[in-house]
Trainee: 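One structure is given below, represented as structure tokens, and several questions about it will come after.
As a basis for the values below, the full set of heavy atoms in this structure was taken, side chains included, without hydrogen atoms, waters or symmetry mates.
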Amino acid sequence: MLRRALPRRPEARRILVGTLLSAIGRGLTLPFLFIYLTDVRGLSDPRAGLVIGWYGAVTLALSPLGGTLIDRFGARRVVLPCLLIEAAGTGALALVDSTASAFAVATVIAVGGSAIWSGQNTILASLTDVGERQRVYGLNFALLNLGIGIGGLTSGAIVDIARPATFQLIYLLDAVTYLVPALILLSLRGVGHRLVVGGATDGKGSAGGYLTVLRDRPFRRLVIFGLVLTTCGYAQVEVGFTAFAIRVAEVSPRVVAWALAGNTVMIVLAQLLVLRHLEGRSRTGALAVVGGFFAAAWLVLGGAGLVGPGHALLAALGVVACAVIFGFGETMLSPVMPALTNALATDELRGRYNAMSSMIFGISGVIGPVTAGPLIGAADGKIWVAVVVGGCLVASLLALSLRPMLSAAQDGRSAATRAEEPAPA
């Protein structure tokens, strides 16, 4: 299955190696930024939260510009400097000693990170054909999670709040790992250049930029689906899931750590199996199933909240099960969403399509945490559970409504294996 999931072109395989190695560095630091800013560098909780929120806001604001630059100059000329900027900013976190310096460094990191994800998705799309693209995006996501898991286990054995130098070490190591994909891209001289040179090659054209992208009715529906699903799904993990598990289900932070570890293990172990099952099947159907799995995960967490005060073991099992079920849903979303985005995109606007797709996570990342706190504080979290479960099911309906707008090829239905299915009107 791994051999089948690997892209045919060696250049794409080397890009995936860069994803894995840089993800290890990301995993070293991902769980510790808030702790580092507050417990090590002495920032208050509100100030540390503002710094992290500022990073998200700047990244979101610059993402559209990144997509425009990718289409105009090619992903290579955008991703390479962004990787270097990200490396410099991450390394500079080791030197943060005040609120002002934390904001400055967060700004640098946000500038670097604003176009990396959309640029790398564009590069992978240019190195893969339509038939293998979904598998490659899924493998990329599995490698990302594997690297983050390895990095998290490593940093957990290194960091010590009483020794600030241990935190400085992991940020410097993280900075070094950002140089790995940069070096790989530098070695691939024919990769990442502008996809369309000169005039437009089809009816959609490049004129109008993001206005043209937004006029694409199927993609517009996909964006709405993504906003609803990620707001009620991904965006709830960092704040909603943790707060509900600790305050309502009354489990310890260690149980939350086990749950997130179980989520990563599920993704790494199940991704290849899921990729094999998805071949030749409707992408919109898969997205609808994702909404169902996310809703089931939140229902299980709600059940943990009901039994938590009196049954600690059942509550802990429910919290871990929620994260594992959620992870299985991620294994379907991660290959299908970027594959469908690039199936709808044209070469001259591919950077903008991928940038707008990545902006979905940025927008929901602002809405989700802001709404989670008040909802969990009402009616012992029952309102929060009802809202996120309902939102995930609405996302499933939106996914199903997208199918009639797509051709069989865009929807991922193989004529050889799914000939019995009627084509959309």
Side-chain angles (χ1 to χ4, degrees), residues 22-62 84-114 148-179 235-247 251-261 362 365-366 368-374 376-377:
S22 63
I24 292 175
R26 186 74 182 107
L28 288 171
T29 60
L30 183 62
F32 299 114
L33 180 57
F34 187 80
I35 295 173
Y36 173 68
L37 292 176
T38 55
D39 294 359
V40 178
R41 292 306 183 187
L43 273 67
S44 66
D45 287 2
R47 289 187 180 186
L50 286 174
V51 169
I52 297 172
W54 172 252
Y55 162 79
V58 174
T59 302
L60 179 61
L62 293 179
L84 297 177
I85 294 170
E86 185 94 351
T90 303
L93 274 172
L95 306 176
V96 165
D97 59 0
S98 65
T99 302
S101 62
F103 270 104
V105 170
T107 303
V108 173
I109 297 174
V111 171
S114 60
I148 289 175
I150 293 172
L153 290 173
T154 304
S155 61
I158 294 175
V159 297
D160 183 352
I161 293 176
R163 295 187 296 159
T166 60
F167 284 88
Q168 292 176 313
L169 174 62
I170 62 172
Y171 283 112
L172 291 174
L173 290 174
D174 189 10
V176 171
T177 62
Y178 275 106
L179 300 177
Q236 300 297 330
V237 172
E238 186 174 353
V239 176
F241 168 75
T242 303
F244 189 95
I246 293 175
R247 296 178 182 175
V251 302
S252 68
R254 179 172 294 181
V255 172
V256 174
W258 289 342
L260 295 177
V366 174
V370 171
T371 56
I376 288 176

Trainee: So which atom in V159 and which in T166 form the shortest heavy-atom distance, rounded to 0.1 Å?
Mentor: CA-OG1, 3.6 Å
Trainee: Distance-only, no hydrogens or angles: does the S155 side chain make a donor-acceptor pair with backbone N or O of L28 under 3.5 Å?
Mentor: yes
Trainee: Looking at every non-hydrogen atom in both residues, tell me the closest pair between A235 and G368 and how far apart they are.
Mentor: CB-CA, 3.9 Å
Trainee: To the nearest 0.5 angstrom, please state how far the OG atom of S114 sits from the CD1 atom of I109.
Mentor: 12.5 Å
Trainee: Atom CG of L60 and atom OH of Y55: how far apart are they, to the nearest 0.5 Å?
Mentor: 11.5 Å
Trainee: By ring pair (Phe, Tyr, Trp, His ring centres under 6.0 Å), which residues pair with Y36, not counting sequence neighbours?
Mentor: F167, Y171
Trainee: Let me confirm one number: the OG1-CG distance from T29 to L173, rounded to the nearest 0.5 Å.
Mentor: 10.0 Å
Trainee: Report the distance from atom OG1 of T154 to atom CD1 of I150, rounding to the nearest 0.5 Å.
Mentor: 7.5 Å
Trainee: Might you point out which heavy atoms bring L172 and G91 nearest each other, and give the distance in Å?
Mentor: CD2-O, 3.9 Å
Trainee: Return the OG to CG distance between S101 and L43, rounded to the nearest 0.5 Å.
Mentor: 7.5 Å
Trainee: Looking at residues at least two apart in the chain, or sitting in another chain, which of them share a salt bridge (Lys or Arg N to Asp or Glu O under 4.0 Å) with D39?
Mentor: none
Trainee: Output all residues satisfying side chain to side chain donor-acceptor pair (under 3.5 Å) with W258, sequence neighbours left out; order by chain, then residue number.
Mentor: none
Trainee: Excluding sequence neighbours, so at least two apart, what forms side-chain contact (heavy atoms from CB on, under 4.5 Å) with L50?
Mentor: F103
Trainee: Which atoms form the tightest heavy-atom contact between G240 and I376, and what is the distance?
Mentor: O-CD1, 3.3 Å
Trainee: Can you tell if the side chain of L179 reaches within under 4.5 Å of the side chain of L84, non-hydrogen atoms only?
Mentor: yes
Trainee: What's the spacing between Q236 CD and T242 OG1 if we round to 0.5 Å?
Mentor: 10.5 Å
Trainee: Taking only residues two or more places apart in sequence, or in another chain, which ones meet R163 in a salt bridge (Lys or Arg N to Asp or Glu O under 4.0 Å)?
Mentor: D160
Trainee: Please check if atom CZ in R47 has more than 12 non-hydrogen atoms from other residues, nucleotides or ligands closer than 6.0 Å.
Mentor: no
Trainee: Which pair of non-hydrogen atoms, one from T38 and one from A48, has the smallest distance, and what is that distance?
Mentor: CG2-CB, 3.6 Å
Trainee: By side chain to side chain donor-acceptor pair (under 3.5 Å), which residues pair with S252, not counting sequence neighbours?
Mentor: none
Trainee: Testing the basics here: between V105 and G89, what is the closest heavy-atom pair and its distance to 0.1 Å?
Mentor: CG1-O, 3.2 Å
Trainee: When you measure from the side chain of T177 to the backbone of D174, do you find a donor-acceptor pair of N or O atoms at a distance under 3.5 Å?
Mentor: yes
Trainee: Just do the side-chain contact (heavy atoms from CB on, under 4.5 Å) check on V96 and L93 with the steps written out, would you?
Mentor: CA-CA 5 Å; V96 165; L93 274 172; 4.0 Å; yes
